[in-house]
Every structure is written in structure tokens, then in C-alpha cells.
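A short worksheet on the structure shown next.
So that the names make sense, note that chain A is the first sequence line, chain B the second, and so on, each numbered from 1. Everything numeric here is computed off the predicted structure, so don't read it as measured data.
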Protein chains: 2
Amino acid sequence: MEHLAEYFKVFSEPNRLAVLEALRQGPLNVTAVVEKTGLSQALVSKHLKLLTIAGVVKRQPEGSLVFYEVIDKGVFKLVGQAEKLLLDARRQQLDALAAIL
Amino acid sequence: MEHLAEYFKVFSEPNRLAVLEALRQGPLNVTAVVEKTGLSQALVSKHLKLLTIAGVVKRQPEGSLVFYEVIDKGVFKLVGQAEKLLLDARRQQLDALAAIL
DNA sequence: TTGCATCATAACGACGACGTGATACTAGAG
DNA sequence: CTCTAGTATCACGTCGTCGTTATGATGCAA
């Protein structure tokens, strides 16, 4: 249960999520992720390291570049599910509000 | 994207996850959750409030008791999916290790 | 070898979340 | 009305994580 919470924590950070999204369409090297997200290089490196340790992303050096790739694209399904639940939660809250007014 | 991260954050805490699990089989009042989880009353109250604000759980007072209920049981699907991905990530890491040794 | 990218790490300060203990609030029993 | 069980909230200390700046390490080209 603690491990599961830690896994969720991987996705609980906006910038980390942005880094993950940058990798949705395929492998990118660090600089490419930096340009695509607008985050600082040090920060991108940190998040990529976390994602690697979490087993979400795979690190592969190629010459002087280092490419990162999402291992199991099922993570995007997880993200999509969360988005859906988030929308439903919003609707429910509006409904609850409407029931009062 | 920030909101999505916040939503993930809801599930990124072991005790909060435990509170949620306690509600898997149906509505419970606060004391029941306290007994089922072993957490302090104040802490359970806090987590339930968070879950309510997040729209995951519904608060319904009944007499002097207050019952909480999971609104959309799809959240358990989300949790299950995360568990699956977590397991796969573990396997992948072992495979990566085996590829080196 | 020297220089220039690319990437990783260290040290630091700031901010937020967690858990606890104490206290307020509420509804119903007596 | 009073007392009690159930629930919510407050104040506080603690700890983790985030982002930045600066620096270290690596590979390739000239």
C-alpha cells in the first residue's frame, strides 16, 4: 500500500506530468524534452531520473545524447482514466451545488 | 495539467489510500473507518475531508453519525490499474537487471 | 589535447503536507 | 438542561520535495 502510494506520487507533480507527456509520441533526448516543456535542464534531468527509477521510463545513451522512452504506454491509459474521473468528479460537485441552490 | 497532478496527489498518500480502501465495500461512518484503519480520529477526518473536496467521496450525516461513501467506484479501477502498472514496472526492472548480469 | 555540447549531480532555501494533541462543535440520551 | 459520543478543526513541529544555481562529468569534433 505504501508502494502504491509512491507510484501515484510519481504522477502527482505537474512538471513531471509534462515531461511524461513530452514523451508520449516517442523517445526524446534530454534537450528535446527541455525545449518541448520549457523547464530548466536540471529539473528535467531530475524528473527523468525519478521516472526511470519508478520504472516508467527507459534511459538509453546514444553517442553524446541520452534518449528517454516510455516503457509501458499503459501509463497513458492510467492518465486518461484519471482525467475522466476528474471530469466526473467536477460534474458531481456541480450537481451537488445545484441540489442546494 | 496542474489539476490532474492534484488529482493524482489525492491517491499518493498511504493513509489516504487506506481510508479509501476501507470504503470499498460500502459506506462507513468516521468511527468505523478509524477502527478499520487504526488511524487517529483527527487524521481520518482530515483525509475524509480531502477526499470529499476532491469529489471522490460523499459526505452524508445521519443522526449524530456521519457516513462517507465512494461516489464513483471507478476510482478502484484506477487504483487497480496503477497496481498492475506497478507490478509490470517491477518486472521490467528485474529484466533490465538480468540483462546486465 | 582543447573546446564545446549534452547531461547529471550537489548544495541550498522555500514551501507545503503530514501527524499529533488539544479543543470546539453537534445531536441525541437521560 | 446536561452529559456524552461522534466528528471537525486548530496550532504546532517535522520532514520531504520542489526548483534554482552552480559545478562536475562525458563524448565528440577540430
Side-chain angles (χ1 to χ4, degrees), chain A residues 1-23 26-70 96 100, chain B residues 1-23 26-70 96 100:
Chain A
M1 186 133 278
E2 310 103 24
H3 293 152
L4 185 57
E6 280 184 24
Y7 190 73
F8 271 112
K9 195 173 292 187
V10 171
F11 304 96
S12 71
E13 223 287 320
N15 290 336
R16 200 149 50 225
L17 234 44
V19 169
L20 195 60
E21 280 299 327
L23 297 176
L28 289 181
N29 67 338
V30 178
T31 301
V33 174
V34 167
E35 290 169 352
K36 202 163 188 175
T37 60
L39 303 175
S40 77
Q41 185 266 319
L43 192 54
V44 168
S45 250
K46 265 193 185 178
H47 284 311
L48 284 173
K49 182 175 186 182
L50 261 183
L51 289 168
T52 302
I53 292 175
V56 173
V57 145
K58 187 180 180 181
R59 186 186 123 108
Q60 33 204 13
E62 228 154 284
S64 70
L65 305 184
V66 179
F67 284 82
Y68 284 88
E69 180 177 11
V70 172
I100 296 174
Chain B
M1 187 131 276
E2 309 100 25
H3 293 150
L4 185 57
E6 280 183 23
Y7 189 74
F8 271 113
K9 197 174 291 187
V10 171
F11 305 96
S12 70
E13 225 285 320
N15 290 336
R16 200 150 49 225
L17 234 44
V19 168
L20 195 61
E21 280 299 325
L23 296 177
L28 290 180
N29 68 338
V30 179
T31 301
V33 174
V34 168
E35 291 168 351
K36 203 164 187 174
T37 59
L39 303 175
S40 77
Q41 185 266 319
L43 191 54
V44 168
S45 250
K46 268 194 185 178
H47 284 312
L48 284 173
K49 183 175 186 180
L50 260 182
L51 289 168
T52 303
I53 292 175
V56 173
V57 146
K58 187 179 180 181
R59 184 187 123 105
Q60 32 204 14
E62 231 155 283
S64 70
L65 305 185
V66 179
F67 283 82
Y68 286 86
E69 180 177 11
V70 173
I100 296 175

Opening and closing nucleotides of DNA chain C in contact with chain B, under 4.0 Å to non-hydrogen atoms: C:dC18 to C:dG28
Note, B:Y7 side chain near B:V56 side chain (heavy atom, < 4.5 Å):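 The answer is yes; the side chains approach within 4.5 Å.
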Test applied, side chain to side chain donor-acceptor pair (under 3.5 Å); reference residue, B:E69; option that passes from B:Q60, B:K58, B:R59: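 Per the side chain to side chain donor-acceptor pair (under 3.5 Å) rule, the option paired with B:E69 is B:Q60, out of B:Q60, B:K58, B:R59.
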Of the non-hydrogen atoms in [X] and [Y], which two are nearest, and what is the gap between them?
{"X": "A:V33", "Y": "A:T37", "value": "O-OG1, 2.8 Å"}
{"X": "A:T52", "Y": "A:Y68", "value": "OG1-CE2, 3.4 Å"}
{"X": "B:V10", "Y": "B:R16", "value": "O-NE, 2.7 Å"}
{"X": "A:A22", "Y": "A:K36", "value": "O-NZ, 3.7 Å"}
{"X": "A:F8", "Y": "B:F8", "value": "CD2-CD2, 3.7 Å"}

5'-most by nearest nucleotide on DNA chain D - A:S40 or A:E62: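 This one resolves to A:S40.
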B:S45 side-chain N/O to B:A42 backbone N/O, donor-acceptor pair under 3.5 Å: no
Nearest-0.5 Å distance, NZ of residue B:K46 to CG of residue B:L39: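 The CG atom of B:L39 is 13.0 Å from NZ of B:K46, to the nearest 0.5 Å.
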Separation between CG of B:L65 and CG of B:N29, rounded to the nearest 0.5 Å: 5.0 Å
Every protein N/O within reach of nucleotides 6-13 of chain D N/O, cut-off under 3.5 Å:
from	atom 1	to	atom 2	distance (Å)
D:dT7	OP1	B:V30	N	3.4
D:dT7	OP1	B:V66	N	3.0
D:dT7	OP2	B:T31	N	2.6
D:dT7	OP2	B:T31	OG1	2.3
D:dA8	OP1	B:R59	NH1	2.3
D:dA8	OP1	B:Y68	OH	2.7
D:dA8	OP2	B:S45	OG	2.8
D:dA8	N7	B:Q41	NE2	2.9
D:dA8	N6	B:Q41	OE1	3.2
D:dT9	OP2	B:K49	NZ	3.4

Strand-adjacent residues in residues 14-22 of chain A, judged by heavy atoms under 4.0 Å from DNA chain D: A:N15, A:R16
